Amino acid sequence: MINLGLLIIRLVVGILFIGHGAQKLFGWFGGYGLKGTGGWFDSIGMKPGITMALLAGLAELVGGVLFALGLLTPLAGIMIAGTMVMAILKVHGPNGLWATVNGYEYNLTLLAIAIGVALIGPGQYAVDAFLF
């Protein structure tokens, strides 16, 4: 049952990160694409904005794919965790903990999941289980 639970966690979180990366990179799913996201990154002091949006989008997209597949899971966890640390530091942290005030509650939850799975492993139903 643990392996099934890890699979569900990896798939849901990984697919959501794929979507967030696609928002930043391609403007899919209601996102603003590189130009729009880059402009926003510039406005919050993350310069150069387009480069930072590209790096964040790639970390989310690639990290999400790897996490969902359970492939190179520690690397995937680090990629996801890195984007969540930046989201907390640059956007949500000053608003406090709770999501109801645009705080970092959700980001902290995703950070804990990414690091937790990276530390305990992706489970039996993962590409890593077949490779390593």
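Not measured: the values here are computed from a predicted model. Numbering of residues begins at 1 and proceeds along the displayed sequence.
Note on Ile80: it does not cluster hydrophobically with Met46, by side-chain heavy-atom contacts below 4.5 Å among ILVMFWY residues. Hydrophobic clustering of Ile, Leu, Val, Met, Phe, Trp and Tyr side chains at less than 4.5 Å, counting indirect connections, keeps Leu25 apart from Ile15. Under the 4.5 Å side-chain contact rule for hydrophobic residues, Leu69 and Val13 do not share a cluster. With hydrophobic clusters built from ILVMFWY side chains whose heavy atoms lie under 4.5 angstrom apart, Leu97 shares a cluster with Met84. Tyr32 and Leu34 are not part of a single hydrophobic cluster, where members link through side-chain heavy atoms under 4.5 Å apart.
With sequence neighbours excluded, no residue satisfies ring-ring contact (aromatic ring centres under 6.0 Å, His included) with Trp98. Partners of Phe26 according to the ring-ring contact (aromatic ring centres under 6.0 Å, His included) rule, which considers only residues two or more places apart in sequence or in another chain, are Trp28.
Among residues at least two apart or in separate chains, there is no salt bridge (charged side-chain N to carboxylate O under 4.0 Å, His left out) pair with a member in residues 69-79. Applying the salt bridge (charged side-chain N to carboxylate O under 4.0 Å, His left out) definition to pairs two or more places apart or across chains, none involves residues 71-88. Note on residues 112-122: no pairs pass side chain to side chain donor-acceptor pair (under 3.5 Å), not counting sequence neighbours. For the side chain to side chain donor-acceptor pair (under 3.5 Å) condition, no pair includes a residue of residues 74-83, sequence neighbours left out. Note on residues 5-21: pairs passing side chain to side chain donor-acceptor pair (under 3.5 Å), not counting sequence neighbours, are His20-Gln23. Pairs engaging residues 105-125 under the salt bridge (charged side-chain N to carboxylate O under 4.0 Å, His left out) rule: none recorded [sequence neighbours left out]. Counting only residues at least two apart or in different chains, side chain to side chain donor-acceptor pair (under 3.5 Å) contacts with residues 37-55 are absent.
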Donor-acceptor pairs under 3.5 angstrom involving side-chain atoms of residues 85-96: please list them, not counting sequence neighbours.
from, atom 1, to, atom 2, distance (Å)
His92, ND1, Asn102, O, 3.0
His92, ND1, Asn102, OD1, 3.2
Asn95, ND2, Asn102, O, 3.0

Using distance only, find each side-chain donor-acceptor pair of residues 52-67 under 3.5 Å and give its atom names and separation, not counting sequence neighbours.
from, atom 1, to, atom 2, distance (Å)
Glu60, OE1, Gly21, N, 3.4
Glu60, OE1, Lys24, NZ, 2.9
Glu60, OE2, Lys24, NZ, 3.3

Please tabulate, one pair per line, all N/O donor-acceptor pairs under 3.5 Å involving side-chain atoms of residues 111-132, not counting sequence neighbours.
from, atom 1, to, atom 2, distance (Å)
Gln124, OE1, Asn3, ND2, 3.3
Asp128, OD1, Leu72, N, 2.7
Asp128, OD2, Leu72, N, 3.3
Asp128, OD2, Thr73, N, 2.9
Asp128, OD2, Thr73, OG1, 2.7

